[in-house]
Amino acid sequence: MEFIDYYKLLELDKSASQADIKKAYRKLARKYHPDLNPNNKEAQARFQQINEAHEVLSDPEKRKKYDQYGKDWEHADQYEEARRQQQTAGGAGYGGGFGGFEGYGDARQRGQSYSGNFDEDTFSDFFEQMFGSSARAHGSRRERHFKGQDYNAELELNLSDVYTSQKQTLTINGKNIRLTIPAGVENGQTIKIKGHGGPGVQGGPRGDLYITFKIINNTTFKREKENLYSTVNISLYTAMLGGEITVDTFSGKVKLKVKPETQSGTRVKLKGKGFPKYKKENQYGDLYITYNVEMPTNLSAKEKELFRELQKLRS
């Protein structure tokens with residue numbers, strides 16, 4: 001079959017960077033993807049070739065071999081080994097080192113010694129003689145199976161929605177997909193649903209579905225992974241004398257004892273009252289509460305007098 005130039009196929013030149021290769025592949029893969037070109041065998045064949053070109057050129061080692069050996073790049077290791085053995089045998093052509101290569105045919109008639117300076121025709125002849133005519137159809141010309149296109153979706157949920165695990169039904173390309181969203185999913189987190197992407201090519205596996213979560217905080221709590229943070233106002237008198245207050249947690253209200261002489265800005269920890277740990281059953285983070293001491297306002301004359309007396313006692 002005719003040699004396919006991977007660079008030309010991706011509309012690139014040999015100086016293309018890995019970023020250029022990736023960008024070109026994505027652009028062309030979208031253009032020729034079977035889902036966008038139903039019943040178009042030409043587009044399907046082009047899509048297969050584009051995947052093949054990307055597979056080789058995106059791998060630095062494979063790309064190096066392809067740049068050096070062209071369509072026979074997959075046999076580069078065998079060629080290098082043959083050349084090393086030739087050099088070990090004295091560099092007198094393949095008659096010295098490989099008994100099966102005496103009288104090499106056209107190449108020897110052309111006076112070529114196979115010292116490593118191969119033109120395109122000679123190089124292809126070398127592989128055909130060394131590995132058989134089936135090797136000529138191997139590699140870029142063999143039929144390959146390619147994984148289908150991966151799909152990406154965004155799912156927006158409230159913070160209160162992901163405090164417990166829940167089931168959701170998503171519609172992707174007209175198909176309903178039911179999935180369980182584990183409690184504790186974070187904003188920006190992406191999960192993979194295997195096998196729910198686009199159909200494979202030439203019998204290859206389906207692609208995957210990647211779901212990225214956008215979590216909207218619809219609560220008064222600040223969240224950092226599995227820990228929660230909250231600020232609670234307490235009166236000056238409770239701060240000075242101590243007492244019991246009721247505070248909100250994510251799972252409901254709890255009573256909390258305040259120690260006498262508590263300073264504004266004091267932080268206390270409520271162990272296990274935070275957010276669920278992702279995919280860890282019945283494990284929770286902690287809730288950290290910071291006290292904000294509120295100063296009394298609109299003091300009566302009697303209150304002011306009592307504060308002055310207190311001031312004198314403290315001076």
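Every value quoted in this text rests on a predicted model; they were computed, and no experiment measured them.
One hydrophobic cluster holds both Met295 and Tyr291 under the rule that ILVMFWY side chains link at heavy-atom gaps under 4.5 Å. Cluster annotation: Leu306 is not connected to Leu299 through the hydrophobic network of ILVMFWY side chains, with a link wherever side-chain heavy atoms come within less than 4.5 Å. If you chain together hydrophobic residues whose side chains sit under 4.5 Å apart, Leu36 and Tyr32 never meet in one group. Note: the hydrophobic cluster containing Leu170 also contains Val185 (ILVMFWY, side chain heavy atoms under 4.5 Å, direct or indirect links).
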*For Thr246 and Val254, what are the C-alpha separation, side-chain angles and deciding distance, and is it a side-chain contact (heavy atoms from CB on, under 4.5 Å)?*
CA-CA 6 Å; Thr246 300; Val254 298; over 6 Å; no

*Should Asn292 and Thr290 be marked as a side-chain contact (heavy atoms from CB on, under 4.5 Å) after you check the CA-CA gap, both sets of side-chain angles, and the distance that decides it?*
CA-CA 7 Å; Asn292 175 52; Thr290 299; over 6 Å; no

*Which is it for Gln18 and Ser58 under the side-chain contact (heavy atoms from CB on, under 4.5 Å) test, yes or no, and what are the steps along the way?*
CA-CA 6 Å; Gln18 286 296 315; Ser58 64; 4.1 Å; yes

_Audit row: Lys167, Thr180, side chain to side chain donor-acceptor pair (under 3.5 Å) steps and yes/no_ = CA-CA 4 Å; Lys167 296 184 183 297; Thr180 299; 3.0 Å; yes

*asked:* What verdict does the side chain to side chain donor-acceptor pair (under 3.5 Å) test give for Glu52 and Tyr6, after you've listed the backbone C-alpha separation in whole Å, the side-chain angles of each residue and the deciding distance to 0.1 Å?
replied: CA-CA 8 Å; Glu52 185 176 305; Tyr6 289 156; 2.6 Å; yes

*Under the ring pair (Phe, Tyr, Trp, His ring centres under 6.0 Å) criterion, do Tyr210 and Tyr151 qualify, and how do the steps go?*
CA-CA 6 Å; Tyr210 291 86; Tyr151 291 157; over 10 Å; no

*Give the intermediate values and the outcome of side-chain contact (heavy atoms from CB on, under 4.5 Å) for residues Glu186 and Lys225.*
CA-CA 7 Å; Glu186 293 191 47; Lys225 292 191 175 181; 3.8 Å; yes

*Kindly determine whether Thr171 and Asn176 satisfy side chain to side chain donor-acceptor pair (under 3.5 Å), including the steps that lead there.*
CA-CA 4 Å; Thr171 302; Asn176 290 334; 2.8 Å; yes

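Considering only heavy atoms from C-beta on, Ile234 comes within 4.5 Å of Ile245 through its side chain. Residues Val247 and Ile289 have side chains in contact (heavy-atom distance under 4.5 Å, counting atoms from C-beta outward). Side-chain contact check for Ser160 versus Asn218: some heavy-atom pair is nearer than 4.5 Å. Side-chain contact between Leu256 and Val268: present, with at least one pair of heavy atoms (C-beta onward) separated by less than 4.5 Å. Taking 4.5 Å as the limit, every side-chain heavy atom of Thr262 sits out of range of all side-chain heavy atoms of Val293. Within the 4.5 Å cutoff, no side-chain heavy atoms of Pro260 are placed close to those of Met240. Considering only heavy atoms from C-beta on, Ser235 stays 4.5 Å or farther from Glu294 through its side chain. Using a 4.5 Å heavy-atom threshold, the side chains of Phe213 and Val162 count as separate.
A donor-acceptor pair under 3.5 Å is formed between the side chain of Asn40 and the backbone N or O of Ala43. Looking at Ser165, its side chain does come within 3.5 Å of a backbone N or O of Ala183 through a donor-acceptor pair. Side-chain atoms of Glu303 come within 3.5 Å of backbone N or O of Ser300 as a donor-acceptor pair. Under a 3.5 Å cut-off, the side chain of Arg267 and the backbone N or O of Lys269 do not form any donor-acceptor pair. In terms of modelled atom types and a separation under 3.5 Å, the side chain of Asp248 and the main chain of Lys253 share no donor-acceptor contact. A donor-acceptor distance shorter than 3.5 angstrom exists from the side chain of Asn187 to the backbone of Ile215, with no hydrogens or angles considered. Side-chain atoms of Asn158 never come within 3.5 Å of backbone atoms of Asp161 as a donor-acceptor pair (strictly under, hydrogens ignored). Looking at Asp208, its side chain does come within 3.5 Å of a backbone N or O of Gly195 through a donor-acceptor pair.
Between Glu226 and the choices Gln283, Lys280, Lys277, the side-chain contact (heavy atoms from CB on, under 4.5 Å) rule is met once, by Lys277.
When all heavy atoms of Leu10 and Leu28 are compared, the closest pair comes out as CA-CD1, 3.7 Å. When all heavy atoms are compared, the tightest approach of Lys222 to Asn217 is CA-ND2, 4.4 Å. Residues Ile193 and Ile211 approach most closely at CG1-CD1, 4.1 Å, considering heavy atoms. The minimum heavy-atom distance linking Asn37 with Lys31 is given by the pair ND2-O, 3.0 Å. Closest approach of Gln189 and Gly184 over heavy atoms only: OE1-O, 4.5 Å. Minimum heavy-atom separation, Gly272 to Tyr284: O-CB, 3.6 Å.
To the nearest 0.5 Å, atoms CG (Asn152) and OG1 (Thr190) are separated by 8.0 Å. In this structure, NZ in Lys312 is found 15.0 Å from CZ in Phe307, a value given to the nearest 0.5 Å. Note: Ile177 CD1 to Thr169 OG1 = 10.0 Å, rounded to the nearest 0.5 Å. Summarising the geometry, atom NE2 belonging to His196 is positioned 7.5 Å from atom CG belonging to Leu209; distances are rounded to the nearest 0.5 Å. Taking CG of Leu270 as the start and CG of Leu287 as the end, the distance is 5.0 Å to the nearest 0.5 Å. In this structure, the separation between CD on Gln166 and OG1 on Thr164 is 6.5 Å, given to the nearest 0.5 Å.
Within 6.0 Å of the CD atom in Glu281, the count of heavy atoms belonging to other residues, nucleotides or ligands does not exceed 12. Atom CD of Glu309 is surrounded by more than 12 heavy atoms from other residues, nucleotides or ligands within 6.0 Å. Counting non-hydrogen atoms of other residues, nucleotides and ligands closer than 6.0 Å to CG of Asp13 gives a total above 12. Within a 6.0 Å sphere centred on CD of Gln311, heavy atoms belonging to other residues, nucleotides or ligands number 12 at most.
Ring geometry, Phe275 versus Phe250: the interplanar angle exceeds 60°, so the pair is classed perpendicular (tilted spans 30 to 60°).
Residues meeting the ring-ring contact (aromatic ring centres under 6.0 Å, His included) test with Tyr288, sequence neighbours left out: Tyr229. In terms of the ring-ring contact (aromatic ring centres under 6.0 Å, His included) criterion, residue partners of Phe47 (sequence neighbours excluded) are, by chain and number, His33.
Under the 4.0 Å criterion applied to side-chain N and carboxylate O atoms, Glu61 and Arg63 are not assigned as salt-bridge partners. Using a 4.0 Å cut-off between charged side-chain N and carboxylate O, Lys192 and Asp150 make no salt bridge.
In the model, Tyr7 has a side-chain atom that pairs as donor or acceptor with a side-chain atom of Asp67 under 3.5 Å.
As a member of the Ile/Leu/Val/Met/Phe/Trp/Tyr network built from side-chain separations under 4.5 Å, Ile216 groups with nothing else and remains a singleton.
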